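Proteins get letters first, then strands, A, B, ... in listed order; numbering begins at 1 in each. Keep in mind it's a predicted model, so treat the numbers as computed, not measured.
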Amino acid sequence: MNRRVRVRFAPSPTGPLHIGGVRTALYNYLFAKKHGGDMLLRIEDTDSARFVPGAEEYIVEALNWLGITIDEGVGATTAGNHAPYRQSERKAIYRKYVDKLLEAGLAYIAFDTPEQLDAKRAEIANFQYDAKTRGEMTNSLTLPAEEVISRIANGEQYVVRIKIEPNEEVKVQDLIRGEVVINSSVIDDKVLYKSSDQLPTYHMANVVDDYLMEISHVIRGEEWLPSAPLHVLLYRYLGWTDVMPQFAHLPLLLKPDGNGKLSKRDGDRLGFPVFPLNWKDPKTGETSSGYREAGYFPEAVVNFLSLLGWNSGTEQEIFSMQELVDLFSLDRVSKSGAKFDYEKGKWFNHKYLQNKSLEEIADQYQRILIEKDIVEDSEKVQHIVSLVRERSNFVNELWSQSSFFFVAPDSYDEKTVQKRWKAETPAQMEELISLLEGVVDFTAEKTEEVVKEWISAKEYNMGGIMNAFRLSVVGEPKGPHMFDIIAIIGKDETIKRLIKAIEVLG
RNA sequence: GGUCCAUUCGUCUAUCGGUUAGGACGCCAGGUUUUCAUCCUGGAAAGAGGGGUUCGACUCCCCUAUGGACUACCA
């Protein structure tokens, strides 16, 4: 069967989008675009208790920032003809299919309260609500029909459970892992629907929506692999096996150190963001840092994430979104979890900082300068950026590499003073001042020529002069070529800084 | 505990039975440089262990070990 590729990213609005979720969204997007298909965004808010205000908006904004565009669903520009795309708004739809299962005897009503179930679990080790145990529980299989009706009529809360037939090998074809087989006896009679909020649980809602929204491929995290057989069974119970989507379970993103799934705490602990955007928790007021605010380019984040669990098979490392789309393939997705290496993430941003146009970088840098009340024309800023960007990873690091172009040093690095400011230095700097005063054409080329001639004529030590010169102008032993620096700050400013250095350092 | 998934340099990975096991990040050394960086060159660094299958296994199979996920009226 050849049907249109339609994939969905289906997060739960329980908080900010985790970086692992971002990668899942990215892989879905790449797969969809590669095959000319549709990328949907569906909000899985069937757990009213865990709903967090602002989370949905955050998810849309994050995907938008990253360039992962949504064709259909929440946050899409066009309406889409499978609306609504929020599960909380689809209550009536699910009830119909729950009833269908009930009528077919493939599901049943259970009245056991959460407390009773907890008691059961405490009493029996490894208790599972299934074919072996449901006969001892309070449900429509053990109660007379009239009692079930009267209990419901009396307003008693209940859930609907799927009736799993034991001892069957359930096969799941996974596009990444191949065939996965699980015996149905180890699957419990999962709750599909709860009367308390009249909403289905994840499993039911997910299957019904994927069916109704004509999803062709379910690409999701590996944490869903254990419940995939249940989903296969649900498709079968509902009579949808012929249009069941194909599954692909992605490897997890792991902690950089130690073991386990990458979590919010790891970011706090190790000092890097695990969210795409800053997130302020509405309850605690606590803010978690995001890649955008940390100074990352969205392209760099996408590139970095794309390679955590997938590779092109070539030695190329830098990919545009379009290249990623062209090259992406599920059979090149790896099976094992990937430890999150933040250092490599920084390297990607470094690469993008070098490869982007000077105009774009200068434009971003100017915004930082304006915050510092520094206004310069863009041509000059571009020139400065061209001199210092190769030594930076982020636009916001540019300031520490180039502040001396805009403001004179207010102190001098002590170590350098001891090492580079000798007894004879002040006199030499005086000479340098009068030399520079005489230079008419104050370009990097000209000043370099004049100063070097003077140094060799006087038989001064090149390093001694230049380092003292740098100390006077920059205040620290850093920065680009000295003559490039003074050409930008100009003759007057250069001389002013030399005079001040002689004054202060003696 | 049970079920399932996984296992190549520290990390991300290439390899789809025959390779000096390749690349990248990071690390180290050297070079360039008036400084700090960058950059360039080079280097150290890997097939979890044990059995098979095979003329030949990193590659296929089994066992063990290790790691991970799941095991809710959460997703």
Side-chain angles (χ1 to χ4, degrees), chain A residues 10-14 44-47 49-50 110 112-114 117-118 121 125-126 128-129 157-161 172 174 176-177 180-183 185-188 190-197 199-203 205-206 220-229 249 251-252 254 256-261 304 307-318 331-332 334-348 350 354 388-392 401 413 416 419-420 448 451-452 455 461-471 474 476-483:
Chain A
S12 222
T14 54
E44 309 227 325
D45 53 351
T46 52
D47 185 1
R50 291 210 306 158
D112 318 87
T113 64
L117 290 170
D118 284 344
R121 289 188 189 102
N126 302 326
Q128 180 172 285
Y129 208 123
Q157 297 294 322
Y158 64 91
V159 297
V160 175
R161 287 180 180 272
V172 180
D174 186 278
I176 294 170
R177 287 147 215 286
V180 176
V181 184
I182 293 183
N183 190 291
S185 298
V186 303
I187 305 174
D188 61 337
K190 278 265 174 323
V191 171
L192 299 179
Y193 180 87
K194 40 217 157 98
S195 70
S196 57
D197 56 9
L199 277 168
T201 59
Y202 169 82
H203 306 289
N206 190 262
R220 74 227 301 193
E222 195 188 345
E223 68 268 28
W224 294 109
L225 192 53
S227 51
H249 290 92
L252 264 17
L254 273 16
D257 60 343
N259 305 305
K261 217 157 98 166
F304 174 43
L307 261 16
L308 246 33
W310 171 85
N311 77 87
S312 68
T314 69
E315 286 178 357
Q316 187 177 345
E317 299 271 345
I318 303 298
D331 26 74
R332 293 208 66 87
S334 50
K335 295 182 178 72
S336 49
K339 282 191 183 171
F340 193 79
D341 181 10
Y342 187 64
E343 286 303 319
K344 194 148 187 180
K346 286 199 277 195
W347 175 79
F348 276 107
H350 174 83
Q354 312 315 314
V388 300
R389 74 161 155 186
E390 65 183 22
R391 56 189 69 220
S392 305
Q401 298 294 345
D413 182 65
T416 314
K419 199 173 160 197
R420 307 292 194 185
E448 176 160 11
V451 171
K452 282 188 172 169
I455 290 173
N461 173 276
M462 172 81 94
I465 298 293
M466 291 310 297
N467 284 307
F469 190 14
R470 179 177 296 279
L471 179 65
V474 177
E476 285 174 80
K478 69 170 192 188
H481 197 56
M482 267 314 290
F483 300 103

### Query
In terms of side-chain heavy atoms, does Ser12(A) have a donor or acceptor partner in Glu44(A) at a distance below 3.5 Å?
no
Can you pull every protein N or O that's under 3.5 Å from an N or O on nucleotides 72-75 of chain B?
| from | atom 1 | to | atom 2 | distance (Å) |
| --- | --- | --- | --- | --- |
| C73(B) | OP2 | Arg121(A) | NH2 | 3.4 |
| C73(B) | OP2 | Arg161(A) | NH2 | 3.4 |
| C73(B) | N4 | Asp112(A) | O | 2.9 |
| C73(B) | N4 | Pro114(A) | N | 3.4 |
| C74(B) | O2' | Asp47(A) | OD2 | 3.0 |
| C74(B) | O2' | Arg50(A) | NE | 3.2 |
| C74(B) | O2' | Arg50(A) | NH2 | 3.2 |
| C74(B) | O2 | Arg50(A) | NH2 | 3.2 |
| A75(B) | OP1 | Thr46(A) | OG1 | 2.7 |
| A75(B) | OP2 | Tyr202(A) | N | 3.1 |
| A75(B) | O3' | Glu44(A) | OE1 | 3.2 |
| A75(B) | O2' | Ser12(A) | OG | 3.4 |

## Note on the structure
Its contact letters, B for base, S for sugar-phosphate only and - for none at protein heavy atoms under 4.0 Å, make nucleotides 26-38 of chain B read --------BBBBB
### Message
If I pick the C1' atom on U53(B) and the same atom on C63(B), what distance separates them, to the nearest angstrom?
### Response
15 Å
### Task
Quickly work out the Phe304(A) CZ to U11(B) P distance and round it to whole Å.
15 Å
### Task
With heavy atoms under 4.0 Å as the rule, sort Arg389(A) into base, sugar-phosphate or nothing.
nothing
#### Entry: Which residues share a ring pair (Phe, Tyr, Trp, His ring centres under 6.0 Å) with Phe304(A), sequence neighbours left out
Phe340(A), Phe348(A)
Restricting to nitrogen or oxygen on both sides, can you table the protein-nucleotides 60-64 of chain B pairs closer than 3.5 Å?
none

### Task
Quote, to the nearest angstrom, the C1' distance that separates C62(B) from C55(B).
22 Å
### Message
List the residues meeting side-chain contact (heavy atoms from CB on, under 4.5 Å) with Ser312(A), not counting sequence neighbours, and say none if there are none.
### Response
Trp310(A), Thr314(A), Phe319(A), Leu327(A)
#### Entry: Gap between atoms NZ and P, on Lys339(A) and U7(B) respectively (whole Å)
14 Å
### Message
Rounding to an integer number of angstrom, what distance separates C70(B) and C74(B) when you compare their C1' atoms?
### Response
13 Å
### Query
Quick one: side-chain contact (heavy atoms from CB on, under 4.5 Å) partners of His350(A), sequence neighbours excluded?
Gln354(A), Asn393(A)
### Query
Rounding to the closest angstrom, what is the interatomic distance between U32(B) and U15(B) at atom P?
40 Å
### Task
Using the P atom as the reference point in each nucleotide, state the distance between C16(B) and U3(B) in Å, no decimals.
35 Å
### Query
NA contact type, Val474(A), heavy-atom cut-off 4.0 Å: base, sugar-phosphate, or nothing?
nothing
### Query
Under 4.0 angstrom, heavy atoms only, what part of the nucleic acid is Gly345(A) near: base, sugar-phosphate, or nothing?
nothing
### Query
If you check every side-chain atom of Pro226(A), which of U3(B), C70(B), C5(B) has the closest atom?
C70(B)
### Message
Say we look at A48(B) and A6(B): how far apart would their P atoms be, to the nearest angstrom?
### Response
15 Å
